[in-house]
Amino acid sequence: FWRNIEAPVRLKVETDERMLLEAENLRPKIRTAGKDGDGSIAFDVTLQGKSTFRVKASIEIKTMTPRLKSTTDKGTRVAHSDLETQFEWIPLADHQKNMNGLRMIGGRLERNVKAGTLLLPEHFEPAVNRNNPIKVRSGGQGWILELDCICLEDGRVGETIEVQTNTPDRRRKKNARTMHVRVIDGMTAELID
């Protein structure tokens with residue numbers, strides 16, 4: 001779930017076991033024990049001649065992050081001059097939700113946001129609303145398919161929502177096919193399944 005990220009990745013290791021901190025010149029054997037949706041992985045670690053213990057590693061990504069220069073009120077449209085961007089380490093969970101800085105420009109804030117806040121989709125009003133028409137794109141090398149669909153839920157830029165194809169017989173078919181898409185802007189989305 002994180003290996004296809006091209007940006008540098010940093011593991012931040014946490015454990016209650018002092019043995020990990022005090023051990024010298026012991027080669028650890030590490031085995032993955034599970035992962036969380038918050039962007040962290042649990043590892044079982046065995047040091048030579050010691051019992052196994054568990055550590056949790058939070059994954060951070062070094063990426064360009066857009067932050068607000070000053071406190072901004074609800075309903076304000078974000079302009080390029082409102083943002084300051086810099087490379088910094090942020091948790092994987094925030095990186096997965098984070099929107100490209102350019103896509104934020106023109107978006108209207110749903111609530112007051114403090115200066116220095118890392119902008120995430122939840123700070124903005126939905127780009128699309130339930131029952132709105134939306135164009136869904138899917139493509140490969142040399143081809144692009146575009147479908148007319150109807151949103152089945154509200155969605156902000158970068159979020160995943162469910163849509164249904166908008167065909168003339170859609171109203172008659174209660175069990176019409178639904179798809180999960182990622183919202184690109186107020187009129188378009190990309191197919192993700």
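Everything numeric in this text was worked out from a predicted model, so none of it was measured.
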Rounded distance [0.5 Å steps], [atom1] in [X] versus [atom2] in [Y]:
X	Y	atom1	atom2	result
Arg77	Thr72	CZ	OG1	14.0 Å
Ile134	Ile184	CD1	CD1	8.0 Å
Thr178	Gln164	OG1	CD	7.0 Å
Ile161	Asn129	CD1	CG	9.5 Å
Asp154	Glu125	CG	CD	11.0 Å

For the residue pair [X] and [Y], what are the closest heavy atoms and their distance?
X	Y	answer
Ala115	Thr71	N-OG1, 3.2 Å
Met187	Asp185	N-OD1, 2.8 Å
Val181	Ala189	CG2-CB, 3.7 Å

Q) If we only count heavy atoms from C-beta on, is the Pro91 to Ile61 side-chain gap below 4.5 Å? A) no
Acceptor/donor pairs from residues 105-114 side chains to any protein atom, 3.5 angstrom cut, sequence neighbours excluded:
residue	atom	partner	partner atom	Å
Arg108	NH1	Gly75	O	3.0
Glu110	OE1	Arg156	NH2	2.5
Glu110	OE2	Arg156	NH2	3.3
Arg111	NH1	Glu122	O	3.2
Asn112	OD1	Lys74	N	2.7

Under 3.5 Å, which donor-acceptor pairs link side chains of residues 136-150 to any protein atom two or more places apart or in another chain?
residue	atom	partner	partner atom	Å
Arg137	NE	Glu146	OE2	2.9
Asp148	OD1	Lys135	NZ	2.7

Q: Keeping the roles fixed (side chain from Glu190, backbone from Arg182), state whether a donor-acceptor pair exists under 3.5 Å.
A: no
Q. Side chain to side chain contact (heavy atoms under 4.5 Å, CB included) between Val78 and Leu83: does it pass, once the steps are laid out?
A. CA-CA 8 Å; Val78 173; Leu83 300 175; 3.9 Å; yes
Q) With sequence neighbours left out, which residue pairs that include part of residues 79-92 fulfil the salt bridge (Lys or Arg N to Asp or Glu O under 4.0 Å) condition? A) Arg67-Glu88
